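The model shown is predicted, which means the values in this text are computed figures rather than measured ones.
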Amino acid sequence: MAAPNRADIVIYGCTSGGVIAAIEARRLGRSVLLVCREDYLGGMSTNGLGWSDTGNHRAIGGLSLEFYRKVKRYYDDPKMWVHAPRPVRAENFVDGEAMWQFEPRVGERIYEDWARATGVTIVRNQPLDRSRLGVQVANRRIVAFRSRTGQRFEGKVFIDATYEGDLMAGAGVRFAVGREANATYGETLNGVQLKNTTNHQFTIDIDPYRLAGDRSSGLLPRISAESPAPDGTADARIQAYTYRMCLTDVPANRVPFSRPQGYDAGQYALLKRYMDAGYRDFFRKFDRIPNGKTDTNNFGAFSFDNIGMNYRYPEGSDAERREIAREHRVYQQGLLWFMANDPGVPAETRAEMSKWGLCKDEFARNGHWPREMYVREARRMVSDFVMAEPHLRGTRPTPRPIGMGSYNMDSHNVQRIVDMHGFVRNEGNIEVSPGRAYPISYDAIVPRRSEVTNLLVPVALSASHIAYGSIRMEPVFMILGQSASVAASIAIDDRLPVQDIDYAKLRGQLIKEGQTLELAQ
């Protein structure tokens with residue numbers, strides 16, 4: 001085995017939260033190792049999610065706000081507008097000294113330059129050894145973890161900044177996958193939510209069977225034969241994943257869509273039947289970002305969300321995860337090809353889709369396709385304190401805040417079923433405002449004392465399914481990553497378990513560094 005890598009703070013996961021945690025650690029004078037599963041920085045912020053889900057901009061402070069200020073400074077240079085002119089006005093575009101939309105390559109450049117300037121040591125292509133020997137724990141402290149390449153990483157405090165919570169799980173920390181019952185945490189929007197699924201829902205009654213009206217013919221692809229449980233009951237299903245595609249309609253920068261290996265037009269038979277019935281609203285979430293590009297997200301009942309095909313991902317082996325990601329890629333690339341080329345698609349829709357393509361100047365080493373699938377939710381830690389809907393709405397107090405969230409309680413669809421009337425319906429999509437910007441507790445990023453005392457989990461944090469649906473935004477992960485590093489530094493200085501640090505000291509340092517911990521509503 002290779003000689004160990006050592007640092008005060010070891011961060012596994014190069015998501016936006018992990019990068020900001022590493023930058024903050026260096027600002028505090030700590031030695032830090034940022035250990036990446038892949039060879040790039042930024043997670044979803046550099047893999048297509050350039051239309052930032054920000055909520056209330058006033059709730060975003062510290063290094064998270066500084067990232068968006070760096071975005072604005074980059075685009076303030078007229079030379080950076082190569083493929084399209086800078087728009088005079090655009091929703092969610094510029095607010096004061098910050099800019100909230102950016103190209104993936106620009107986000108990546110900012111993270112790389114920032115990490116280099118602050119002296120972050122980055123160790124790339126080091127996926128965690130997820131066997132039972134991958135994480136060494138002694139006396140409720142992580143001693144080290146090792147990667148699949150055999151490298152060993154030792155530290156005083158560890159931060160799990162992965163979307164999946166892999167280091168947390170390897171250390172034996174309790175976690176949840178799926179949806180809790182409403183009764184578990186006194187919620188109204190958790191569990192099965194068929195009645196409340198009104199957005200991204202079928203707007204026309206569509207027969208689900210291969211031969212319309214003939215149950216014996218079987219269901220069309222991508223419809224579950226299972227009957228949904230009663231609303232509000234728990235299940236182990238998770239909201240849909242997708243690739244957030246960076247597309248362009250600028251001919252000089254456009255790479256035409258290609259037919260993926262394994263393409264099967266029959267996988268889109270339900271969408272064809274929907275379009276045959278009159279559906280035409282396919283292009284609503286081709287959200288514009290700079291230089292004639294998009295952050296293309298899911299919209300409607302049958303779109304880029306691959307509903308029901310990710311359930312095994314959170315706890316799946318590395319091989320299972322790769323296969324799920326491959327299937328998602330084939331599904332989305334096939335959908336693009338289908339919409340641009342299949343003779344069964346309305347001519348005007350084919351013509352519109354044919355204007356679009358991938359971007360020559362994005363993800364060049366990956367066929368211009370995002371390198372990372374949007375894992376909207378995987379494992380979530382279960383600590384002594386769980387952020388839940390009442391905390392977001394303000395009907396229960398939130399102790400020891402370290403940052404704020406404000407976005408809708410947002411879950412994408414979880415399953416596609418046949419309803420009691422014999423028509424196709426999606427289930428699980430919720431988009432409800434918490435009604436305010438809300439604090440997020442320090443206690444939600446620390447494990448139970450009986451499990452691990454030197455680990456912080458700012459991404460796969462302790463929250464219910466529906467509360468996590470609001471918290472899980474990239475600006476918030478950056479906020480929590482910074483706060484986690486401040487807490488880690490205090491724990492090292494005072495030689496304390498992360499559960500026992502002086503919150504007054506933590507709060508004072510966060511305020512000094514510009515974190516927003518409360519807002520006048």
Side-chain angles (χ1 to χ4, degrees), residues 14-17 19-20 23 40-118 120 244-255 285-297 356-365 368 370-372 374 406-407 473-479 481-482 514 516:
C14 294
T15 61
S16 58
V19 175
I20 294 300
I23 290 168
Y40 55 84
L41 303 183
M44 284 307 302
S45 286
T46 60
N47 280 278
L49 211 170
W51 178 274
S52 301
D53 295 321
T54 54
N56 185 338
H57 295 167
R58 294 171 53 236
I60 299 169
L63 297 183
S64 182
L65 179 59
E66 178 58 23
F67 172 81
Y68 295 102
R69 286 173 171 166
K70 286 177 178 289
V71 170
K72 182 177 183 297
R73 290 195 288 271
Y74 177 91
Y75 286 111
D76 278 345
D77 183 349
K79 296 193 298 293
M80 300 307 170
W81 296 83
V82 178
H83 299 298
R86 179 178 181 134
V88 177
R89 295 185 64 185
E91 179 189 1
N92 199 42
F93 216 73
V94 175
D95 179 12
E97 294 303 311
M99 183 168 167
W100 308 96
Q101 296 176 340
F102 55 92
E103 300 158 88
R105 63 182 181 84
V106 172
E108 187 167 2
R109 174 175 168 175
I110 289 170
Y111 282 131
E112 291 281 1
D113 289 350
W114 202 359
R116 186 180 308 110
T118 53
V120 173
R244 292 288 280 259
M245 299 168 297
C246 189
L247 305 182
T248 185
D249 57 357
V250 176
N253 197 36
R254 185 176 64 207
V255 178
K285 285 300 287 180
F286 284 47
D287 291 324
R288 287 288 185 178
I289 60 175
N291 279 312
K293 300 176 184 178
T294 70
D295 169 352
T296 301
N297 195 4
W356 294 94
L358 305 177
C359 301
K360 289 181 182 178
D361 59 352
E362 298 285 358
F363 316 122
R365 291 188 297 162
H368 309 287
R371 299 154 296 190
E372 187 165 328
Y374 191 4
S406 63
Y407 201 75
M473 305 305 160
E474 294 289 288
V476 178
F477 288 152
M478 288 189 258
I479 290 167
Q482 179 179 7
T516 302

I'd like to know if the side chain of S52 reaches the main chain of T54, judged simply by a donor and an acceptor atom lying under 3.5 Å from each other, with no hydrogens or angles considered. no
Heavy atoms only: give me the nearest E372-M44 pair and the separation to one decimal. O-SD, 3.9 Å
Please name the pair of heavy atoms, one in V255 and one in H368, separated by the smallest distance, quoted to 0.1 Å. CG2-CD2, 3.9 Å
For a quick test of reading the model, state the closest non-hydrogen atom pair linking A59 to I479 and the distance between them. O-CD1, 3.9 Å
Can you see whether Y75 engages E103 through a side-chain donor-acceptor pair at a distance of less than 3.5 angstrom? yes
Less than 4.5 Å apart, any side-chain heavy atom of F102 and any of I110? no
For W114, what residues pass the ring pair (Phe, Tyr, Trp, His ring centres under 6.0 Å) criterion, not counting sequence neighbours? none
Keeping T46 on the side-chain end and G43 on the backbone end, is there a donor-acceptor pair under 3.5 Å? yes
If you take all heavy atoms of Y68 and P475, which pair is closest and at what distance? OH-CG, 3.2 Å
CD of E66 to CD1 of I23, rounded to nearest 0.5 Å, is 10.0 Å
Rounded distance (nearest 0.5 Å) linking atom CG of L63 with atom NZ of K70: 9.5 Å
How about D361 and K293: do any of their side-chain heavy atoms sit closer than 4.5 Å? yes
Checking ring-ring contact (aromatic ring centres under 6.0 Å, His included) between F67 and each of W100, Y74, Y111, which is the one that passes? Y111
Nearest-0.5 Å distance that lies between atom OG in S64 and atom CE in M473: 13.0 Å
Between N56 and S406, which heavy-atom pair has the shortest distance, and what is it? N-OG, 2.7 Å
Could you pull out the closest heavy-atom pair between V19 and C14, with the gap in Å? CG2-O, 3.8 Å
Look up atom CD1 in I20 and atom CD in Q482, then write down how far apart they are to the nearest 0.5 Å. 7.5 Å
Non-hydrogen side-chain atoms of I289 and C246 separated by less than 4.5 Å: yes
If we count only N and O atoms by modelled type, under 3.5 Å, do the side chains of D287 and N297 hold a donor and an acceptor together? no
Please list, chain by chain and in numerical order, all residues satisfying side-chain hydrogen bond (donor to acceptor under 3.5 Å, both in side chains) with S16, sequence neighbours excluded. E474
How many angstroms lie between atom CG of L247 and atom CG of N253, to the nearest 0.5 angstrom? 11.5 Å
Side-chain ion pair, D76 and R73, N-O less than 4.0 Å: no
Salt bridge (Lys or Arg N to Asp or Glu O under 4.0 Å) contacts touching residues 244-254 (sequence neighbours left out): R244-D295, D249-R288
Could you state the interatomic distance from CD1 (I60) to CE (M478), rounded to the nearest 0.5 Å? 8.0 Å
Atom CZ of R105: over 12 foreign heavy atoms under 6.0 Å: yes
Please report the C-alpha distance between F477 and T15 in whole Å, then the side-chain angles of each, then the deciding distance to 0.1 Å, and finally whether the side-chain contact (heavy atoms from CB on, under 4.5 Å) criterion is met. CA-CA 8 Å; F477 288 152; T15 61; 5.9 Å; no
For the side chain of N291 and the backbone of V82, is there at least one donor-acceptor N/O pair under 3.5 Å apart? yes
Is the terminal nitrogen or CZ of R371 (NZ for Lys, CZ for Arg) located under 6.0 angstrom from the six-membered ring centre of Y40 and within 45° of that ring's axis? yes
